[in-house]
Amino acid sequence: MQNPVTVIQSVRLDDENDTLVLLDQTLLPNETKFLELKEMEDIWEAIYQLKVRGAPAIGIAAAYGAYLGTKKSTAETYEALFADFTKVKDYLATSRPTAVNLFWALKRMEERFKQEAGKSVAKVKAALKEESENIRAEDEKICEAIGEHALSLLEPGWGILTHCNAGTIATAKYGTALAPIYLGQEKGYNFNVYADETRPLLQGARLTAWELQQAGVDVTLICDNMASIVMKEGKIQAVLVGCDRVAANGDSANKIGTSGVAILAKHYNIPFYVCAPLSTIDLECKTGDDIHIELRPSEEITTKWYEQSMAPEGVQTYNPAFDVTDHSLITGIVTENGIAYAPYTESLPKMFKK
Ligand SMILES: CSC[C@H]1O[C@H](OP(=O)(O)O)[C@H](O)[C@@H]1O
């Protein structure tokens with residue numbers, strides 16, 4: 001039975017109208033609104049402001065944006081079109097630095113462009129459209145495969161803690177960390193999901209709790225500082241999180257606060273799994289120290305969710321959007337090709353060879 005929430009397409013191409021259609025995730029859970037974007041500046045802004053967010057969804061949006069931006073070109077030669085494509089690609093690549101899917105998707109679009117060398121402008125544009133649609137369609141299958149592998153690690157009735165939102169709206173469908181929750185629901189696993197609110201942008205409260213409630217999954221919203229007590233009280237049998245970039249040694253960048261959850265899970269002897277499409281694994285990054293952590297505006301901490309500021313005027317803040325969970329804290333990395341276990345420098349490359 002199709003779960004109504006998983007069929008929501010948070011990122012969609014409306015080619016006939018030269019438009020990228022995005023579910024505006026900054027308005028959830030209070031408003032479900034789709035944006036229709038034609039201009040590269042608006043697409044850049046939508047990625048930066050997390051109107052579209054989640055590593056796979058960012059990659060899909062960038063691929064569609066690169067196609068739409070190139071489609072507009074009036075270039076009459078392959079070379080001139082490539083110059084226009086490159087401008088769009090390089091511009092979209094500046095929107096956010098941490099999720100590797102943004103760069104992976106843009107590189108894949110560039111590789112497809114080069115495969116069409118010597119062909120007519122029309123044929124190259126058609127190829128870019130096809131490639132962007134392939135990226136989206138593949139991500140749906142990848143997330144389902146991650147869900148199947150992750151489900152093999154879980155038992156019916158388990159309490160699952162998750163951080164931020166790695167759900168259906170962060171991907172083409174199903175999500176990564178939430179994929180086993182949706183697949184398990186179809187099979188009667190009846191998980192009890194505990195969602196960290198995930199300050200400062202509240203992806204857990206606004207998005208995960210919303211997605212799972214809409215899907216009829218048993219979800220309990222907790223403040224980030226409650227993760228320890230729910231683990232201590234035996235409510236949690238596994239932690240599942242998404243990721244934005246996995247380094248070759250297994251260090252994994254994910255939403256800020258994830259590494260703290262991993263340390264708690266280690267302390268309470270609870271398995272901690274990172275759900276990672278291969279498109280989020282960056283073997284060029286040797287360790288988490290090589291991952292660029294995005295810093296975001298102060299207002300997200302001080303005023304964004306309050307009728308009035310809850311912090312003294314002008315207080316200094318530090319707002320890293322992600323942190324890196326050390327590979328030693330990760331029980332396994334669930335990919336679409338199977339589950340990688342430590343030592344990750346050996347197991348991760350094998351995932352690409354299946
Ligand atoms: C399925 S990847 C989701 C991943 O992306 C989120 O970051 P953001 O909300 O800033 O795009 C978060 O790290 C999630 O785990």
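Worth knowing before you read on, the calculation uses all heavy atoms, side chains too, and leaves out hydrogens, waters and symmetry mates. Order of appearance sets the numbers: ligands from 1, and atoms from 1 within every ligand.
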* Above 12 or not: heavy atoms from other molecules or residues under 6.0 Å from CD of Gln213? -> no

How does [X] reach ligand 1, if at all, at less than 4.0 Å between non-hydrogen atoms: by side chain, backbone, both, or neither?
{"X": "His163", "result": "neither"}
{"X": "Gln203", "result": "side chain"}
{"X": "Pro56", "result": "side chain"}

* Which option out of Thr280, Asn254, Leu178, Ile256 puts a heavy atom nearest to atom 14 (C) of ligand 1? -> Asn254

Looking just at side-chain N and O atoms, do [X] and [Y] make a donor-acceptor pair shorter than 3.5 Å?
{"X": "Thr325", "Y": "Ser259", "value": "no"}
{"X": "Ser73", "Y": "Asp84", "value": "yes"}
{"X": "Tyr64", "Y": "Glu133", "value": "yes"}
{"X": "Ser298", "Y": "Tyr318", "value": "no"}

Does ligand 1 have an atom that lies less than 4.0 angstrom from a heavy atom of [X]?
{"X": "Ala321", "answer": "no"}
{"X": "Ala99", "answer": "no"}
{"X": "Arg96", "answer": "yes"}

* Could Glu211 and Arg206 be called an ion pair, given the rule that one side-chain N must be under 4.0 Å from one carboxylate O? -> no

* Asked: Does a salt bridge link Glu197 with Arg199, judged by any charged N lying under 4.0 Å from a carboxylate O?
  ->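 So Glu197 does not pair with Arg199 through a salt bridge.
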
Closest non-hydrogen protein atom to [atom], residue and atom name please, with distance?
{"atom": "atom 12 (C) of ligand 1", "answer": "Cys164 SG, 3.4 Å"}
{"atom": "atom 1 (C) of ligand 1", "answer": "Thr176 OG1, 3.4 Å"}
{"atom": "atom 6 (C) of ligand 1", "answer": "Arg53 NH2, 3.6 Å"}
{"atom": "atom 4 (C) of ligand 1", "answer": "Asp244 OD1, 3.6 Å"}

* Asked: Got a sec, which residues hit side-chain hydrogen bond (donor to acceptor under 3.5 Å, both in side chains) with Thr26, two or more places apart in sequence or on another chain?
  ->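 Expected list: Asp24.
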
* To do: Indicate, with yes or no, if Tyr341 and Val239 share a hydrophobic cluster defined by side-chain heavy-atom contacts under 4.5 Å among Ile, Leu, Val, Met, Phe, Trp and Tyr.
  => no

* Asked: Quick check: does Thr171 get an N/O under 3.5 Å from an N/O on ligand 1?
  -> no

Could you list which atoms of ligand 1 come closer than 4.0 Å to a heavy atom of [X]?
{"X": "Asn165", "answer": "3 (C), 14 (C)"}
{"X": "Gly54", "answer": "3 (C), 5 (O), 11 (O)"}
{"X": "Leu50", "answer": "9 (O), 10 (O)"}

* Asked: Which of parallel (below 30°), tilted (30 to 60°) and perpendicular (above 60°) describes Phe113 and Phe85?
  ->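 Geometry flag for Phe85 against Phe113: tilted rings.
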
